[in-house]
Amino acid sequence: MPRETNAAKRERAVEVCERLNRRYGPVECFLDHENPFRLLIAVLLSAQTTDAQVNKVTPKLFAQWPTPEAMAGASVADVADTIKSLGFYKSKAKHAVEAAQMIVADYGGEVPADMKELVKLPGVGRKTANIVLNVGYGIVEGIAVDTHVNRIAHRLMLSPKTHAKEPLKTEQDLLKILPHEYWESVNHQWITFGREICDARKPKCDECPLADLCPSVRVAG
DNA sequence: ATCCCGAGGG
DNA sequence: CCCTCTGGAT
């Protein structure tokens, strides 16, 4: 079995994006994002949780600590108490406070609009940084690869099996095969698709709009 | 029971 | 590479 060429992958990936774009149109960020700082904190809190859960706690959180300066002075325990309904609340509280401190100390109270600087913040990896750059600043220099994007990329075999557990490498694979104009739409549209159709446990292949070009499609019955 | 709109640390 | 952190959803 000859390895698929990048050109073939690109054609398939572009068709995937075109179809999902037609299906979902422009998808908005479901997290509250009044400014880059609040967006950063919200994305930080969103790991292993739904946006709805995050949106329940952020009003209380930002009522107490509205700015980087305020949150930099918060006690981790108090923040943890406020976000306790979220998973991983202790580490998230620690990351939020320490990130705020670093934003004040090193970046003049402004969330840096730069990938290299963003990933220096505690709790911020490439996935979170991509969302902040993308949604907060309109800068698209990568693709936010979370568990959905990762899973779908591999089911569609747009990234080699050896990268299945390495979302950073999956991102590089997608960046190589997808034209830049598609990068921004990938995160939200693929996530929406992942939740609706291509979920982790029981993908609904029988009603999937991509079934005809998916190497992993499973036939009903 | 098992999985999740991740990242840090061993 | 693996593990851990965690509550909520299914």
Side-chain angles (χ1 to χ4, degrees), chain A residues 16-17 20 24 26-33 38-58 60-61 76-103 111-112 115-136 140 142-156 159-172 174 183-204:
Chain A
V16 165
C17 290
L20 293 184
Y24 300 116
V27 187
E28 290 188 27
C29 180
F30 295 126
L31 292 167
D32 298 335
H33 52 285
R38 294 189 178 191
L39 174 66
L40 172 73
I41 298 299
V43 177
L44 206 87
L45 298 182
S46 72
Q48 304 290 81
T49 326
T50 63
D51 289 350
Q53 294 296 318
V54 174
N55 288 336
K56 271 192 231 169
V57 307
T58 43
K60 282 194 298 179
L61 185 68
V76 173
D78 289 345
V79 173
D81 191 56
T82 301
I83 64 170
K84 206 166 177 43
S85 60
L86 305 176
F88 307 156
Y89 64 91
K90 285 181 188 169
S91 51
K92 286 174 182 175
K94 188 170 187 289
H95 290 156
V97 171
E98 290 176 355
Q101 290 170 348
M102 198 178 295
I103 288 165
V111 174
M115 173 65 74
K116 280 203 299 292
E117 302 305 319
L118 279 171
V119 296
K120 290 180 185 171
L121 299 172
V124 178
R126 271 193 71 92
K127 184 262 173 182
T128 302
N130 270 317
I131 300 277
V132 171
L133 280 177
N134 199 325
V135 179
V140 182
I143 296 175
V145 175
D146 56 37
T147 178
H148 287 298
V149 175
N150 193 246
R151 180 180 65 252
I152 292 164
H154 285 281
R155 282 191 175 151
L156 289 166
S159 174
K161 209 170 287 185
T162 47
H163 296 170
K165 291 183 175 173
E166 303 184 81
L168 294 185
K169 291 185 179 175
T170 303
E171 183 190 355
Q172 295 311 310
L174 291 177
W183 292 3
E184 184 171 13
S185 64
V186 168
N187 183 257
H188 283 293
Q189 293 190 342
W190 291 30
I191 284 174
T192 306
F193 169 66
R195 305 233 275 189
E196 185 188 359
I197 308 277
C198 196
D199 64 278
R201 305 193 191 192
K202 268 187 64 179
K204 303 176 179 66

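A quick note: this is a predicted structure, and the numbers were derived from the prediction, not measured. A, B, ... follow the sequence lines: proteins, then strands. Residue 1 opens every chain. Values below: every heavy atom of this structure, side chains too, minus hydrogens, waters and symmetry copies.
The nucleotide whose nearest atom lies closest to any side-chain atom of H95(A) is, among dG8(B), dA9(C), dG6(B), dG8(B). Of the listed nucleotides (dG6(B), dC4(B), dC3(B)), dC4(B) has the atom at the smallest distance from the side chain of R151(A). Considering only side-chain atoms of R195(A), the nucleotide from dA9(C), dC5(B), dT6(C) that sits closest is dC5(B). Listed nucleotides dC5(C), dG8(C), dA7(B) differ in distance to Q53(A); the shortest reach to its side chain belongs to dG8(C). Of the candidate nucleotides dC3(B), dC5(B), dT6(C), dT6(C) has the atom nearest to the side chain of Y89(A). Nearest to the side-chain atoms of S85(A) among the listed nucleotides dG8(C), dT2(B), dT6(C) stands dG8(C).
The side chain of T147(A) contributes no N or O atom lying less than 4.0 Å from OP1 or OP2 of dC3(B). Distances shorter than 4.0 Å separate none of the side-chain N or O atoms of Q48(A) from OP1 or OP2 on dA7(B).
For dT6(C) and dG10(B), the P atoms lie 16 Å apart once the distance is rounded to whole Å. Between dT10(C) and dG6(B), the distance separating the two P atoms is 16 Å to the nearest Å. Rounded to the nearest Å, the gap between the P atom of dT4(C) and that of dT2(B) is 16 Å. Taking the C1' atom of each, dC1(C) and dC5(B) are spaced 24 Å apart, rounded to whole Å.
Here T50(A) lies out of heavy-atom contact (under 4.0 Å) with every strand. Among the heavy atoms of the strands lying under 4.0 Å from V124(A) are primed sugar atoms or P, OP1, OP2 only; no base atom is included. Contacts of E166(A) with the nucleic acid, taken as non-hydrogen atoms under 4.0 Å apart, involve only primed sugar atoms and P, OP1 or OP2. Using a 4.0 Å heavy-atom distance criterion, N187(A) is classed as making no nucleic acid contact. Using a 4.0 Å heavy-atom distance criterion, P167(A) is classed as making no nucleic acid contact. The residue K84(A) sits close only to the backbone: its heavy atoms come under 4.0 Å of sugar-phosphate atoms, none of a base. Within 4.0 Å of L121(A), counting heavy atoms only, lie sugar-phosphate atoms of the nucleic acid but no base atom.
When rounded to the nearest whole Å, the span between CZ of R201(A) and P of dC5(B) equals 10 Å. Computed from coordinates, the K202(A) NZ to dT10(C) C1' distance equals 12 Å when rounded to whole Å. One can place NZ of K165(A) at 12 Å from C1' of dC3(C), the figure rounded to the nearest angstrom. Look at CG on N150(A): it is 12 Å from P on dA7(B), rounded to the nearest Å. Atoms OH (Y24(A)) and P (dC5(B)) sit 14 Å apart, rounded to a whole Å. A straight line from NZ of K94(A) to P of dT4(C) spans 19 Å, rounded to a whole angstrom. In this structure, E196(A) atom CD and dT10(C) atom P are separated by 15 Å, rounded to whole Å. N130(A) has its CG atom 13 Å from the C1' atom of dG6(B), to the nearest Å.
Of the two residues near DNA chain B, V119(A) and A200(A), the one whose nearest nucleotide lies more 5' is A200(A). Nearest-nucleotide positions on DNA chain C place K169(A) closer to the 5' end than the other of K169(A) and L86(A).
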Given the rule in the side chain to side chain contact (heavy atoms under 4.5 Å, CB included) test, do N187(A) and N134(A) qualify, once you have shown the distances and angles that lead to the verdict?
CA-CA 10 Å; N187(A) 183 257; N134(A) 199 325; 5.9 Å; no
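Other residues, nucleotides and ligands contribute more than 12 heavy atoms inside 6.0 Å of the NZ atom of K204(A).
Using a 4.5 Å heavy-atom threshold, the side chains of V16(A) and W190(A) count as touching. In this structure, L121(A) and H95(A) have side chains that are not in contact, with every pair of non-hydrogen atoms separated by 4.5 Å or more.
For the pair F88(A) and dG7(C), the ring geometry does not qualify as stacking, because the centroid separation below 5.5 Å and plane angle under 30° are not jointly satisfied.
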